[in-house]
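See structure below.
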Protein chains: 4
Amino acid sequence: MNKLERASASSLLAAMPEWRHDRQRDAITREFEFEDFMQAFSFMTELAIFAEKHNHHPEWSNVYNRLVITLTTHDANGLTQNDIDFASYADAAFMRFRPA
Amino acid sequence: MNKLERASASSLLAAMPEWRHDRQRDAITREFEFEDFMQAFSFMTELAIFAEKHNHHPEWSNVYNRLVITLTTHDANGLTQNDIDFASYADAAFMRFRPA
Amino acid sequence: MNKLERASASSLLAAMPEWRHDRQRDAITREFEFEDFMQAFSFMTELAIFAEKHNHHPEWSNVYNRLVITLTTHDANGLTQNDIDFASYADAAFMRFRPA
Amino acid sequence: MNKLERASASSLLAAMPEWRHDRQRDAITREFEFEDFMQAFSFMTELAIFAEKHNHHPEWSNVYNRLVITLTTHDANGLTQNDIDFASYADAAFMRFRPA
């Protein structure tokens with residue numbers, strides 16, 4: 001999988017304002033906050049299955065109801081479509097956990 | 001934990017129409033259907049944590065996007081408040097997975 | 001994926017004596033017992049990820065420390081190599097949970 | 001839960017040489033390495049259930065087959081018996097994942 005072109009990455013990232021782009025690492029990061037740990041870990045489990053299915057795994061850290069996910073593609077030394085796909089899936093799954 | 005009185009159980013179950021009461025076993029059962037396996041297992045993980053936390057575990061079976069949960073309290077030989085609490089938690093968590 | 005030939009299935013199953021073959025459904029079943037629910041669900045999570053990765057899902061039911069897994073391939077109307085692979089993975093993973 | 005006395009903490013930590021003690025934060029950290037992501041996340045699920053059951057949650061981060069766990073008790077502003085218990089449970093559970 002090839003690294004995204006700069007223009008292409010920019011337009012994709014513009015559509016995902018919740019993700020912060022670290023230009024130095026060419027990685028994106030988002031923090032998710034849940035009502036409690038059970039919801040946070042349930043969300044992590046869904047993403048864990050997705051990650052292994054697509055053989056593309058996040059860097060993530062969790063403390064109680066907070067989860068920080070960082071995505072980049074080591075083999076490509078930067079962002080690829082795999083990162084965008086993971087981020088999109090996470091965003092959609094997180095919609096279910098948002099306060100009404 | 002004591003078995004619920006029949007009148008008390010009846011009024012509680014009336015408020016949970018999705019659960020079917022098996023009077024012979026004095027157990028309640030509900031089937032949950034999800035979009036896919038990832039969502040089903042994510043839901044199961046949240047309930048697994050809840051179950052262990054409250055030391056009250058379901059009988060459950062899963063095939064792909066379907067999950068059947070049966071609740072009863074073996075020590076009480078029938079339904080207790082623990083079963084009602086588990087069912088209520090499951091119902092609330094499942095709201096997040098319902099089609100809009 | 002094609003259904004396994006009878007002779008081929010027989011020799012594969014002979015190497016997995018813990019799995020019971022239901023000839024009517026052409027499905028295999030094994031029961032796993034763990035020390036407690038936490039270990040059982042941890043094992044289930046590993047298999048859930050494996051299942052989705054290989055797009056081949058078990059029929060399974062759990063009560064506390066017991067897990068029953070049934071495998072067959074609906075599209076093939078019987079056992080396929082996918083079922084054997086899932087069973088082998090489960091057997092290997094379960095080795096970690098066996099009493100020493 | 002009270003913060004462990006320095007002498008008591010020292011003797012407990014001496015028995016857990018895999019955990020590194022950050023004296024500034026009064027927190028302990030260990031890195032775990034698994035064969036793959038499925039095993040790492042299976043282990044995390046077991047600890048997630050344990051954490052919620054005991055209402056004591058880790059700071060943890062994961063990348064593929066590596067998991068770093070940091071333990072401290074915010075309310076006590078340092079290590080408590082809860083941290084030692086979590087670390088002991090994690091160590092015992094990890095024994096199952098060690099190469100033979």
Side-chain angles (χ1 to χ4, degrees), chain B residues 1 19-20 22 24-80 82-83 85-87 89-90 93 97, chain C residues 1 19-20 22 24-80 82-83 85-87 89-90 93 97:
Chain B
M1 177 136 303
W19 294 81
R20 197 174 62 247
D22 173 341
Q24 194 128 25
R25 281 193 66 196
D26 199 16
I28 53 175
T29 295
R30 180 176 174 184
E31 182 169 341
F32 298 87
E33 187 177 340
F34 299 85
E35 279 180 36
D36 56 31
F37 178 74
M38 289 190 289
Q39 293 195 10
F41 199 78
S42 166
F43 179 78
M44 289 176 72
T45 300
E46 184 174 345
L47 295 193
I49 299 175
F50 182 88
E52 183 68 19
K53 180 182 189 175
H54 295 280
N55 196 26
H56 190 64
H57 301 82
E59 300 172 24
W60 53 1
S61 61
N62 159 252
V63 184
Y64 195 59
N65 67 330
R66 289 171 182 276
L67 171 66
V68 177
I69 300 181
T70 295
L71 301 166
T72 190
T73 302
H74 295 97
D75 294 347
N77 205 28
L79 288 174
T80 64
N82 282 342
D83 300 302
D85 291 348
F86 192 104
Y89 188 88
F97 291 94
Chain C
M1 177 137 303
W19 293 81
R20 196 174 64 246
D22 173 341
Q24 194 129 24
R25 281 193 65 196
D26 200 16
I28 54 175
T29 295
R30 179 175 175 185
E31 181 169 343
F32 299 87
E33 187 177 340
F34 299 85
E35 279 179 37
D36 56 29
F37 178 73
M38 288 190 289
Q39 292 195 10
F41 199 77
S42 166
F43 179 78
M44 289 176 72
T45 300
E46 184 174 345
L47 296 192
I49 299 175
F50 183 88
E52 183 68 19
K53 181 182 189 176
H54 296 280
N55 196 26
H56 191 62
H57 301 82
E59 300 171 24
W60 53 2
S61 61
N62 160 251
V63 184
Y64 195 59
N65 69 330
R66 290 171 180 277
L67 172 65
V68 177
I69 300 182
T70 295
L71 301 166
T72 191
T73 302
H74 295 99
D75 294 348
N77 205 28
L79 288 174
T80 65
N82 282 342
D83 300 302
D85 292 347
F86 192 104
Y89 188 87
F97 291 94

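In the text below, chain A, chain B and the rest are named by the order of the sequence lines, each starting its count at 1.
The number of heavy-atom neighbours closer than 6.0 Å to CG of C:Asp85, taken from other residues, nucleotides and ligands shown, is above 12. Annotation: C:Asp36, atom CG; neighbour count of heavy atoms from other residues, nucleotides and ligands within 6.0 Å is above 12.
Here the two rings, on C:Phe41 and B:Phe41, have centers that are under 6.0 Å apart.
Heavy-atom distances place no part of B:Thr70 under 4.5 Å from chain C, backbone and side chain included.
The residue among C:Pro58, C:Ala51, C:Ala48 with the most heavy atom pairs within less than 4.5 Å of chain B is C:Ala48. Contact tally against chain C (heavy-atom pairs below 4.5 Å) for B:Glu52, B:Met44, B:Glu59, B:Arg66: the top residue is B:Glu52.
Distance check: C:Tyr64 OH to B:Asn55 CG gives 6.5 Å after rounding to the nearest 0.5 Å.
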